[in-house]
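Below, chain A is the first sequence line, B the second, and so on; all start at residue 1.
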Number of protein chains: 2
Amino acid sequence: MSKKATIYDIAKELKITAATVSRALNNNPKISEKTRELVLATATRLNYKQNRLAVALKSGKSNNVGVIVPFINKNFFASVIRGIEDELYPKGFHVIISQTHEDKEREKKIIQNLINAQVDGILLSTSFTNINKDELRFELKKPSLFVFFDRTLNFKDISSVTIDDYQGAFDATEHLIQQGCKRIAHFDVDQNIELYKNRFKGYKDALKKHNVKFKGEYVISIKSNMEAGKEAAEKLMKLPVPPDAIFSSTDNGLLGAVKYLQSQSVLIPETFCVVGFSNEPFTKFLEPSISSVDQSPLEMGKMAAKVLLEQIEKNPVVNSKNDVILPAKLIVRKSSCKTKKN
Amino acid sequence: MSKKATIYDIAKELKITAATVSRALNNNPKISEKTRELVLATATRLNYKQNRLAVALKSGKSNNVGVIVPFINKNFFASVIRGIEDELYPKGFHVIISQTHEDKEREKKIIQNLINAQVDGILLSTSFTNINKDELRFELKKPSLFVFFDRTLNFKDISSVTIDDYQGAFDATEHLIQQGCKRIAHFDVDQNIELYKNRFKGYKDALKKHNVKFKGEYVISIKSNMEAGKEAAEKLMKLPVPPDAIFSSTDNGLLGAVKYLQSQSVLIPETFCVVGFSNEPFTKFLEPSISSVDQSPLEMGKMAAKVLLEQIEKNPVVNSKNDVILPAKLIVRKSSCKTKKN
DNA sequence: TTGTACGCGTTATCAC
DNA sequence: GTGATAACGCGTACAA
């Protein structure tokens with residue numbers, strides 16, 4: 001019972017050859033009913049388990065897919081991975097997780113590692129710090145297949161799955177305007193990141209459409225955490241003409257701002273409205289509940305997995321780029337409803 | 001550039017043997033400096049990547065570890081996995097994630113699958129629904145190595161890493177008593193699960209220690225979600241003598257209760273105190289902030305990984321069981337501080 | 001210091 | 001329908 005049984009053991013047991021056993025196990029049509037049953041029976045008796053490593057080595061397909069994220073214990077990424085796993089597992093793929101910790105060097109090493117592990121593809125949400133496209137570019141040179149999700153880099157031949165950050169930001173800002181807000185501030189995170197650039201653009205365009213004057217001092221770049229949001233809010237409220245609303249590209253940053261405003265007895269939403277981005281779980285439970293743009297992480301994960309599978313199947317003939325943009329959905333809650341409740 | 005380079009390709013290039021190449025690549029001492037450099041140079045030139053599949057097949061070690069959780073997109077599990085990955089990745093292991101969706105059959109299949117994939121070990125937080133120990137028992141019969149975490153089953157020869165649920169519950173309850181609460185209710189989840197049983201026991205023993213009478217009608221079994229907590233709170237408040245505090249084994253359930261109590265204008269913590277379990281992120285941000293017992297998921301993940309690694313190293317000689325119990329830490333916040341602020 | 005030969009567990013291509 | 005053999009990529013005794 002100590003060693004794992006192989007097809008060879010089964011063969012010896014039945015005085016047949018390993019090839020026959022393999023055929024029986026794989027439902028090869030050219031095999032007699034009798035031997036098949038015999039093989040299957042002894043297989044279970046010996047507690048035989050197919051060695052996927054050997055199959056992978058032989059076939060060149062590991063049936064493993066690598067997933068790279070900055071951190072796994074962040075609601076958004078955890079949910080994306082959930083979507084990926086839900087899509088991939090039923091098709092016989094395993095998901096190998098790695099975290100970059102926002103470290104560019106680590107990201108490179110992880111990619112190397114996954115390629116060494118012969119993964120059939122890699123789903124990647126790249127690190128903020130990874131600005132040097134060319135280095136990554138080198139890694140991405142086949143033979144593994146990549147798909148970006150959420151945090152993409154703009155390569156000509158690599159597919160990506162994102163949400164419509166521009167539209168989401170546009171809708172959020174327009175909603176604030178329609179609620180009667182006149183001076184809408186914006187929390188930005190990093191204009192080097194495509195996704196934050198798009199949100200900023202959506203914000204600006206919504207202002208323009210409704211003839212609301214854009215003011216540079218209302219836009220603050222912050223880190224995505226409470227402290228930064230708090231400081232930013234403080235700065236905003238000390239302006240000669242403070243804003244009466246914030247559209248934030250980060251829920252976490254907005255949270256700090258909300259806490260600060262409440263500590264200053266600013267009434268939300270009566271005199272000040274806020275909308276965030278990401279629809280983090282806590283937004284629903286706060287008092288007041290926070291409006292936010294949902295990123296449908298589960299769908300994103302599923303879609304990214306689907307796109308990858310397609311490319312794996314048609315590999316390596318076509319090099320078709322496929323950029324999927326999922327809709328961003330504004331979730332309106334109390335924090336942005338001056339007019340009535342919700 | 002299309003096919004992956006192998007040690008054979010390097011050998012041919014240099015008119016030496018694959019064996020020599022292998023030695024050079026593995027820093028075998030018995031090799032000339034010259035050839036080593038030559039090999040290394042052509043290796044990078046040909047963009048050679050070691051095939052971990054082949055190494056694994058040859059050595060019998062895949063350097064992959066399977067992790068099985070009910071869902072990955074739950075803060076607790078995501079954080080445990082983060083801990084596992086943080087511990088394992090630097091040692092050259094990859095983490096393969098699978099989710100059971102609380103489905104017992106799926107759990108069995110996943111274990112099979114991981115064993116087929118030749119993982120070196122499995123870290124498992126078992127499904128609620130998996131009550132039939134004997135079936136799982138069958139799967140667990142070597143040669144793979146298992147370690148349970150958080151949701152354990154009581155096997156005589158399988159290690160586990162948990163937190164001290166009993167102590168955490170005891171501390172939480174005692175804290176409520178010390179705050180002056182006289183009638184402390186308890187939200188239980190499922191007494192079939194070891195961990196909830198221990199929390200219930202901690203609750204009871206704390207009451208006993210302080211001579212607070214235990215009342216059966218104050219204990220309600222609920223699902224771990226808001227709706228269930230809401231209903232339970234409603235039921236409690238309609239009792240002839242309603243409680244003045246709740247110690248809940250689930251933060252999510254408690255959240256529903258809090259929302260209900262607030263809707264009924266019950267003052268928390270002035271006239272009603274609550275303490276939860278898990279220290280979910282939202283507990284910190286609510287108004288009032290919710291006291292909760294922290295489960296240190298990161299540490300749990302790291303510890304589970306460590307225990308597994310130890311067993312992998314001494315495998316297969318000793319079959320030493322190692323049950324690690326991490327401390328549970330009560331985080332006191334506003335929701336349970338009748339006396340002063342926090 | 002390097003080459004030879006073999007095995008890890010499977011599957012595929014020939015034969016018979 | 002089944003057997004024999006080669007091959008996937010690598011590491012390692014053994015020999016030279």
Side-chain angles (χ1 to χ4, degrees), chain A residues 2-40 42-43 46-64 92 113 115-120 143-144, chain B residues 2-40 42-43 46-64 92 113 115-120 143-144:
Chain A
S2 55
K3 286 221 159 192
K4 301 193 186 189
T6 73
I7 51 171
Y8 219 80
D9 299 323
I10 300 178
K12 210 183 319 183
E13 196 88 358
L14 295 173
K15 304 208 188 295
I16 55 178
T17 173
T20 310
V21 175
S22 172
R23 280 186 278 252
L25 256 23
N26 291 315
N27 288 322
N28 189 312
K30 297 281 172 197
I31 198 107
S32 80
E33 230 4 84
K34 213 189 308 180
T35 37
R36 185 201 313 288
E37 282 169 16
L38 235 46
V39 167
L40 257 46
T42 44
L46 298 182
N47 193 26
Y48 165 79
K49 304 248 163 64
Q50 187 195 49
N51 187 330
R52 282 184 50 177
L53 250 37
V55 179
L57 182 59
K58 186 81 174 79
S59 69
K61 284 201 75 227
S62 69
N63 278 292
N64 284 149
N113 252 308
I115 292 176
N116 292 3
Q118 309 297 116
V119 292
D120 295 335
S144 274
Chain B
S2 55
K3 284 221 162 188
K4 302 193 186 189
T6 71
I7 52 171
Y8 244 94
D9 299 323
I10 300 178
K12 212 182 318 182
E13 196 87 359
L14 295 172
K15 304 210 187 296
I16 54 177
T17 312
T20 311
V21 176
S22 172
R23 279 185 278 253
L25 257 22
N26 291 317
N27 286 324
N28 189 312
K30 298 282 173 197
I31 198 108
S32 80
E33 233 0 87
K34 213 189 308 178
T35 37
R36 186 202 314 286
E37 281 169 16
L38 235 46
V39 167
L40 257 45
T42 44
L46 297 183
N47 193 25
Y48 166 79
K49 305 250 163 64
Q50 187 194 51
N51 187 330
R52 281 185 50 177
L53 251 37
V55 179
L57 183 60
K58 184 83 174 81
S59 69
K61 285 201 75 228
S62 67
N63 278 293
N64 286 148
N113 253 308
I115 292 176
N116 293 3
Q118 308 298 116
V119 292
D120 295 336
S144 275

Exercise. Please list, by residue number, the residues of residues 15-30 of chain B whose heavy atoms come closer than 4.0 Å to an atom of DNA chain D; answer none if no residue qualifies.
Key: B/Ala19, B/Ser22, B/Arg23, B/Asn26
Self-check item: Interface residues of residues 31-40 of chain A with DNA chain C (non-hydrogen, below 4.0 angstrom)
Solution: none
Quiz item: Is there a donor-acceptor contact under 3.5 Å from the side chain of A/Ser62 to the main chain of A/Gln118?
Solution: yes
Exercise. For residues A/Ile16 and A/Ile10, determine if any side-chain heavy atom of one lies less than 4.5 Å from a side-chain heavy atom of the other.
Key: no
Exercise. Just report the end-to-end axis angle for the helix from C/dT1-D/dA16 to C/dC16-D/dG1, five pairs per end, to 10 degrees.
Key: 40°
Quiz prompt | A/Thr35 and A/Ser32: CA distance, side-chain angles, deciding distance, side-chain hydrogen bond (donor to acceptor under 3.5 Å, both in side chains) verdict | solution = CA-CA 6 Å; A/Thr35 37; A/Ser32 80; 2.6 Å; yes
Quiz prompt | Side-chain heavy-atom pair B/Gln50, B/Val55 within 4.5 angstrom cut-off | solution = yes
Quiz item: Is there a donor-acceptor pair under 3.5 Å between the side chain of A/Asn28 and the backbone N or O of A/Lys30?
Solution: yes
Exercise. Identify the two heavy atoms, one from B/Ala18 and one from B/Ala11, that lie closest to each other, and give their separation to 0.1 Å.
Key: N-CB, 3.6 Å
Quiz item: Do the non-hydrogen side-chain atoms of B/Arg52 and B/Asn63 ever get within less than 4.5 Å of each other?
Solution: yes
Quiz item: Within less than 4.0 Å of OP1 or OP2 of D/dG11, is there a side-chain N or O belonging to B/Gln50?
Solution: yes
Exercise. Using atom CG of B/Leu57 as one end and atom P of D/dG11 as the other, report the distance to the nearest whole Å.
Key: 12 Å
Quiz prompt | Contacts of type side-chain hydrogen bond (donor to acceptor under 3.5 Å, both in side chains), residue A/Thr42, not counting sequence neighbours | solution = none
Practice problem: Would you mind reading off the distance between B/Ile7 atom CD1 and D/dA7 atom P, rounded to a whole angstrom? | Solution: 16 Å
Quiz item: Just how far, in rounded Å, is P of D/dG9 from CG of B/Leu46?
Solution: 14 Å
Quiz prompt | Candidates A/Asp9, A/Leu40, A/Leu25 - the one meeting side-chain contact (heavy atoms from CB on, under 4.5 Å) with A/Tyr48 | solution = A/Leu25
Quiz item: Can you check the B/Asp9 CG to D/dC8 P distance for me, whole Å?
Solution: 10 Å
Quiz item: When rounded to the nearest 0.5 angstrom, what distance separates CG in B/Leu38 from CD in B/Glu13?
Solution: 10.0 Å
Exercise. Rounded off to whole Å, could you give me the NZ-to-C1' distance for the B/Lys49 and D/dC10 pair?
Key: 17 Å
Quiz prompt | B/Lys61 atom NZ, neighbour heavy-atom count above 12 within 6.0 Å | solution = yes
Quiz prompt | Opening and closing nucleotides of DNA chain C in contact with chain B, under 4.0 Å to non-hydrogen atoms | solution = C/dT1 to C/dG9
Exercise. Nearest whole angstrom, please: distance from the P of D/dG9 to the CD of A/Gln118.
Key: 9 Å
Exercise. Write down the distance between NZ (B/Lys58) and C1' (D/dA7), rounded to a whole number of angstrom.
Key: 16 Å
Quiz item: A/Ala56 and B/Leu53: which non-hydrogen atoms are nearest, and at how many Å?
Solution: CB-CD2, 3.4 Å
Quiz prompt | Sequence-distant partners of A/Leu57, side chain to side chain contact (heavy atoms under 4.5 Å, CB included), two or more places apart | solution = B/Asn51, B/Ala54, B/Leu57
Quiz item: Over how many whole Å does the gap from B/Ile10 atom CD1 to D/dG11 atom P extend?
Solution: 11 Å
Quiz item: Should A/Leu14 and A/Val39 count as side-chain neighbours, where that means a heavy-atom distance under 4.5 Å?
Solution: yes
